[in-house]
Amino acid sequence: MARIFAVANQKGGVGKTTTTVNLAAALAAHGQRVLLVDLDPQGNATMGSGIDKRTVPSTVYQVLIGQNSVAEARARSESGGYDVLASNRELAGAEIELVSLDNREKRLKDALAAVDEQYDFVLVDCPPSLSMLTLNGLCGAHGVIIPMQCEYYALEGLSDLVNTIKQVHAKLNRDLKIIGLLRVMFDTRSTLSQQVSAQLEAHFGDKVFKAIIPRNVRLAEAPSHGMPGVVFDKAARGSQAYMQFAAEMIERIQTI
(Lines give C-alpha, C1' and ligand atoms only; values in the text may rest on other atoms or scores of the structure.)
Protein backbone atom coordinates (compact mmCIF):
# COMPACT_ATOMS: atom_id res chain seq x y z
CA MET A 1 0.00 0.00 0.00
CA ALA A 2 1.29 3.45 -0.93
CA ARG A 3 1.93 5.95 1.85
CA ILE A 4 0.75 9.36 0.65
CA PHE A 5 2.42 12.49 2.01
CA ALA A 6 1.55 16.11 1.27
CA VAL A 7 4.52 18.48 1.34
CA ALA A 8 2.85 21.68 2.49
CA ASN A 9 3.43 25.11 3.94
CA GLN A 10 1.22 28.14 3.39
CA LYS A 11 4.31 30.34 3.35
CA GLY A 12 5.95 30.63 -0.07
CA GLY A 13 9.64 30.19 -0.81
CA VAL A 14 10.35 27.70 1.96
CA GLY A 15 11.66 24.89 -0.22
CA LYS A 16 8.53 22.75 -0.68
CA THR A 17 9.26 21.89 -4.30
CA THR A 18 12.98 21.37 -3.71
CA THR A 19 12.09 19.03 -0.86
CA THR A 20 9.45 17.11 -2.85
CA VAL A 21 11.70 16.59 -5.89
CA ASN A 22 14.80 15.63 -3.93
CA LEU A 23 12.93 13.39 -1.50
CA ALA A 24 11.33 11.59 -4.46
CA ALA A 25 14.71 11.02 -6.10
CA ALA A 26 16.38 10.04 -2.82
CA LEU A 27 13.61 7.53 -2.02
CA ALA A 28 13.95 6.09 -5.55
CA ALA A 29 17.71 5.78 -4.98
CA HIS A 30 16.88 3.83 -1.81
CA GLY A 31 14.89 1.37 -3.93
CA GLN A 32 11.39 2.75 -3.29
CA ARG A 33 8.65 3.03 -5.92
CA VAL A 34 7.70 6.70 -5.97
CA LEU A 35 5.01 8.87 -7.57
CA LEU A 36 5.37 12.67 -7.38
CA VAL A 37 2.14 14.65 -7.77
CA ASP A 38 2.70 18.27 -8.79
CA LEU A 39 -0.34 20.21 -7.54
CA ASP A 40 1.17 23.66 -8.15
CA PRO A 41 0.09 25.37 -11.41
CA GLN A 42 3.61 26.82 -11.69
CA GLY A 43 4.80 23.30 -12.53
CA ASN A 44 8.22 23.72 -10.89
CA ALA A 45 8.34 20.15 -9.57
CA THR A 46 7.53 18.93 -13.09
CA MET A 47 10.38 20.92 -14.65
CA GLY A 48 12.73 20.03 -11.79
CA SER A 49 12.07 16.37 -12.57
CA GLY A 50 13.21 16.85 -16.17
CA ILE A 51 9.72 16.89 -17.72
CA ASP A 52 8.75 19.75 -20.02
CA LYS A 53 5.47 21.14 -18.67
CA ARG A 54 4.78 22.87 -22.01
CA THR A 55 4.68 19.66 -24.05
CA VAL A 56 3.54 17.00 -21.58
CA PRO A 57 0.45 15.32 -23.14
CA SER A 58 -1.53 14.87 -19.93
CA THR A 59 -1.37 16.41 -16.45
CA VAL A 60 -2.90 16.19 -12.99
CA TYR A 61 -5.55 18.63 -14.27
CA GLN A 62 -7.09 15.92 -16.49
CA VAL A 63 -6.97 13.52 -13.53
CA LEU A 64 -8.78 15.91 -11.18
CA ILE A 65 -11.62 16.62 -13.61
CA GLY A 66 -11.98 12.90 -14.41
CA GLN A 67 -10.75 13.02 -18.00
CA ASN A 68 -7.78 10.66 -17.45
CA SER A 69 -6.70 8.11 -14.87
CA VAL A 70 -3.39 8.40 -12.99
CA ALA A 71 -2.03 5.49 -15.07
CA GLU A 72 -2.89 7.35 -18.29
CA ALA A 73 -1.56 10.74 -17.18
CA ARG A 74 1.70 9.91 -15.39
CA ALA A 75 5.10 10.52 -16.97
CA ARG A 76 8.52 9.15 -16.07
CA SER A 77 11.34 11.23 -14.63
CA GLU A 78 14.31 9.56 -16.29
CA SER A 79 16.77 11.66 -14.29
CA GLY A 80 15.07 11.02 -10.94
CA GLY A 81 13.87 7.43 -11.38
CA TYR A 82 10.28 8.07 -10.31
CA ASP A 83 6.87 8.74 -11.88
CA VAL A 84 5.31 12.21 -12.08
CA LEU A 85 1.76 13.51 -12.37
CA ALA A 86 2.81 16.70 -14.11
CA SER A 87 1.36 20.18 -13.83
CA ASN A 88 1.23 23.36 -15.86
CA ARG A 89 -0.78 26.60 -15.95
CA GLU A 90 -3.83 24.67 -17.13
CA LEU A 91 -4.19 23.50 -13.53
CA ALA A 92 -5.09 27.02 -12.40
CA GLY A 93 -8.45 26.56 -14.12
CA ALA A 94 -9.16 23.47 -12.03
CA GLU A 95 -9.83 25.71 -9.01
CA ILE A 96 -13.00 27.00 -10.67
CA GLU A 97 -14.05 23.71 -12.25
CA LEU A 98 -13.66 21.68 -9.05
CA VAL A 99 -16.20 23.85 -7.23
CA SER A 100 -19.08 22.39 -9.24
CA LEU A 101 -17.87 18.75 -9.17
CA ASP A 102 -19.07 16.05 -6.79
CA ASN A 103 -16.74 15.08 -3.96
CA ARG A 104 -14.54 18.01 -4.94
CA GLU A 105 -12.11 17.81 -1.99
CA LYS A 106 -11.39 14.12 -2.57
CA ARG A 107 -10.88 13.93 -6.33
CA LEU A 108 -7.15 13.29 -5.96
CA LYS A 109 -7.66 10.69 -3.22
CA ASP A 110 -10.12 8.74 -5.36
CA ALA A 111 -7.81 8.87 -8.41
CA LEU A 112 -4.76 7.68 -6.44
CA ALA A 113 -6.68 4.69 -5.04
CA ALA A 114 -6.44 3.02 -8.47
CA VAL A 115 -2.61 2.87 -8.31
CA ASP A 116 -2.31 2.22 -4.59
CA GLU A 117 -0.45 -1.08 -5.01
CA GLN A 118 2.01 0.28 -7.58
CA TYR A 119 3.90 2.65 -5.26
CA ASP A 120 5.57 2.72 -1.87
CA PHE A 121 5.46 6.52 -1.60
CA VAL A 122 3.28 9.20 -3.17
CA LEU A 123 4.55 12.75 -2.58
CA VAL A 124 2.21 15.67 -3.25
CA ASP A 125 3.78 19.08 -3.86
CA CYS A 126 1.11 21.54 -2.67
CA PRO A 127 0.84 25.19 -3.75
CA PRO A 128 1.67 27.90 -1.14
CA SER A 129 -1.94 28.69 -0.25
CA LEU A 130 -4.99 27.00 1.23
CA SER A 131 -6.74 26.46 -2.09
CA MET A 132 -8.97 23.70 -3.44
CA LEU A 133 -5.80 22.11 -4.83
CA THR A 134 -4.06 22.11 -1.44
CA LEU A 135 -7.25 20.76 0.12
CA ASN A 136 -7.19 17.86 -2.37
CA GLY A 137 -3.59 17.18 -1.37
CA LEU A 138 -4.42 17.18 2.35
CA CYS A 139 -7.59 15.09 1.93
CA GLY A 140 -5.71 12.44 -0.03
CA ALA A 141 -2.73 12.19 2.31
CA HIS A 142 -1.90 10.03 5.30
CA GLY A 143 0.36 12.75 6.63
CA VAL A 144 1.97 16.13 6.09
CA ILE A 145 5.66 16.93 5.77
CA ILE A 146 6.30 20.58 6.62
CA PRO A 147 9.52 22.12 5.26
CA MET A 148 10.39 25.33 7.07
CA GLN A 149 13.18 27.81 7.49
CA CYS A 150 14.42 28.51 10.98
CA GLU A 151 13.41 32.16 11.18
CA TYR A 152 10.89 34.16 13.19
CA TYR A 153 8.20 34.62 10.52
CA ALA A 154 8.27 30.91 9.75
CA LEU A 155 7.10 30.18 13.30
CA GLU A 156 4.09 32.47 12.84
CA GLY A 157 3.11 30.75 9.59
CA LEU A 158 3.55 27.33 11.19
CA SER A 159 0.80 27.93 13.75
CA ASP A 160 -1.64 28.79 10.93
CA LEU A 161 -0.71 25.63 9.04
CA VAL A 162 -1.09 23.42 12.11
CA ASN A 163 -4.59 24.87 12.66
CA THR A 164 -5.49 24.17 9.02
CA ILE A 165 -4.31 20.56 9.33
CA LYS A 166 -6.38 20.14 12.50
CA GLN A 167 -9.49 21.42 10.71
CA VAL A 168 -8.98 19.10 7.73
CA HIS A 169 -8.38 16.21 10.14
CA ALA A 170 -11.60 16.98 12.03
CA LYS A 171 -13.88 17.54 9.03
CA LEU A 172 -12.49 15.76 5.98
CA ASN A 173 -9.65 13.31 6.63
CA ARG A 174 -9.38 11.48 9.95
CA ASP A 175 -6.15 9.80 8.80
CA LEU A 176 -4.29 13.10 8.40
CA LYS A 177 -1.47 13.85 10.80
CA ILE A 178 1.75 15.81 10.89
CA ILE A 179 4.53 13.38 10.02
CA GLY A 180 7.29 15.83 10.74
CA LEU A 181 8.92 19.22 10.36
CA LEU A 182 11.95 19.45 8.10
CA ARG A 183 14.43 22.26 8.71
CA VAL A 184 15.56 23.56 5.32
CA MET A 185 17.92 26.27 4.02
CA PHE A 186 19.61 26.00 7.39
CA ASP A 187 22.45 28.42 8.08
CA THR A 188 24.70 26.98 10.77
CA ARG A 189 26.39 30.38 11.23
CA SER A 190 23.13 32.09 12.20
CA THR A 191 22.35 32.38 15.91
CA LEU A 192 18.67 32.91 15.06
CA SER A 193 18.57 29.65 13.08
CA GLN A 194 20.00 27.79 16.06
CA GLN A 195 17.50 29.43 18.43
CA VAL A 196 14.45 28.71 16.26
CA SER A 197 15.66 25.14 15.70
CA ALA A 198 15.92 24.64 19.47
CA GLN A 199 12.40 26.08 19.92
CA LEU A 200 11.01 23.65 17.34
CA GLU A 201 12.64 20.68 19.06
CA ALA A 202 11.38 21.82 22.46
CA HIS A 203 7.80 22.30 21.25
CA PHE A 204 7.40 19.48 18.68
CA GLY A 205 9.86 16.92 20.04
CA ASP A 206 10.26 13.85 17.82
CA LYS A 207 8.02 15.45 15.16
CA VAL A 208 11.12 17.37 14.09
CA PHE A 209 13.16 15.31 11.63
CA LYS A 210 16.77 14.68 12.62
CA ALA A 211 17.91 15.48 9.07
CA ILE A 212 18.67 19.15 8.48
CA ILE A 213 18.97 20.54 4.94
CA PRO A 214 21.68 23.22 4.70
CA ARG A 215 21.71 26.19 2.35
CA ASN A 216 23.34 24.77 -0.74
CA VAL A 217 23.95 26.37 -4.12
CA ARG A 218 24.12 23.00 -5.92
CA LEU A 219 20.51 22.23 -4.94
CA ALA A 220 19.49 25.61 -6.36
CA GLU A 221 21.35 24.97 -9.63
CA ALA A 222 19.90 21.50 -10.25
CA PRO A 223 16.42 22.48 -11.58
CA SER A 224 17.96 24.43 -14.48
CA HIS A 225 19.51 21.13 -15.59
CA GLY A 226 16.18 19.32 -15.31
CA MET A 227 17.24 16.97 -12.56
CA PRO A 228 16.97 16.62 -8.77
CA GLY A 229 19.92 17.88 -6.73
CA VAL A 230 20.62 14.41 -5.35
CA VAL A 231 21.29 13.29 -8.94
CA PHE A 232 22.91 16.49 -10.22
CA ASP A 233 25.62 16.48 -7.54
CA LYS A 234 25.53 13.46 -5.23
CA ALA A 235 28.48 14.74 -3.20
CA ALA A 236 26.93 18.13 -2.35
CA ARG A 237 26.06 18.69 1.31
CA GLY A 238 22.42 19.35 0.45
CA SER A 239 22.16 16.15 -1.60
CA GLN A 240 23.64 14.05 1.18
CA ALA A 241 21.22 15.65 3.66
CA TYR A 242 18.23 14.69 1.46
CA MET A 243 19.55 11.12 1.21
CA GLN A 244 19.66 11.01 5.02
CA PHE A 245 16.14 12.46 5.13
CA ALA A 246 14.87 9.74 2.77
CA ALA A 247 16.39 7.03 4.96
CA GLU A 248 14.71 8.64 7.98
CA MET A 249 11.36 8.70 6.16
CA ILE A 250 11.60 5.01 5.28
CA GLU A 251 12.34 4.25 8.93
CA ARG A 252 9.60 6.55 10.22
CA ILE A 253 6.77 5.02 8.14
CA GLN A 254 7.33 1.71 9.91
CA THR A 255 5.89 3.34 13.03
CA ILE A 256 3.01 5.26 11.41
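Computed from a predicted structure; not experimentally measured.
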**Q.** Check against side chain to side chain donor-acceptor pair (under 3.5 Å), S197 and Q194
**A.** CA-CA 5 Å; S197 178; Q194 303 282 3; 5.6 Å; no
Sorted by chain and residue number, the side-chain hydrogen bond (donor to acceptor under 3.5 Å, both in side chains) partners of Q167 (sequence neighbours excluded) come out as none
task = Kindly assign one of parallel, tilted or perpendicular to the pair F232 and H225, based on the angle between their ring planes and the thresholds 30° and 60°.
result = parallel
Note: R252 and I179 closest approach over all heavy atoms is NH1-O, 2.8 Å
Does S79 use its side chain to pair, donor to acceptor, with the backbone of G226 at less than 3.5 Å?
yes
request  = Go through the steps to decide whether Y82 and S49 satisfy the test side chain to side chain donor-acceptor pair (under 3.5 Å), and finish with yes or no.
outcome  = CA-CA 9 Å; Y82 53 87; S49 299; 2.7 Å; yes
- Task: May I have the step-by-step check of side chain to side chain donor-acceptor pair (under 3.5 Å) for N44 and T17, ending in yes or no?
- Result: CA-CA 7 Å; N44 290 337; T17 298; 5.1 Å; no
Heavy-atom nearest pair, Q118 first then R74, reads OE1-NH1, 2.7 Å
Carefully, step by step, assess V70 and L85 under the rule side-chain contact (heavy atoms from CB on, under 4.5 Å). CA-CA 7 Å; V70 173; L85 261 185; 4.1 Å; yes
Using only atom types and a distance under 3.5 Å, with no angle test, would you say the side chain of N22 pairs donor to acceptor with the backbone of G229?
yes
Pairing of E105 and K171 as salt bridge, 4.0 angstrom limit
no
Check your understanding: Between the side chain of N173 and the main-chain N/O of L138, is any donor-acceptor distance below 3.5 Å?
Key -> yes
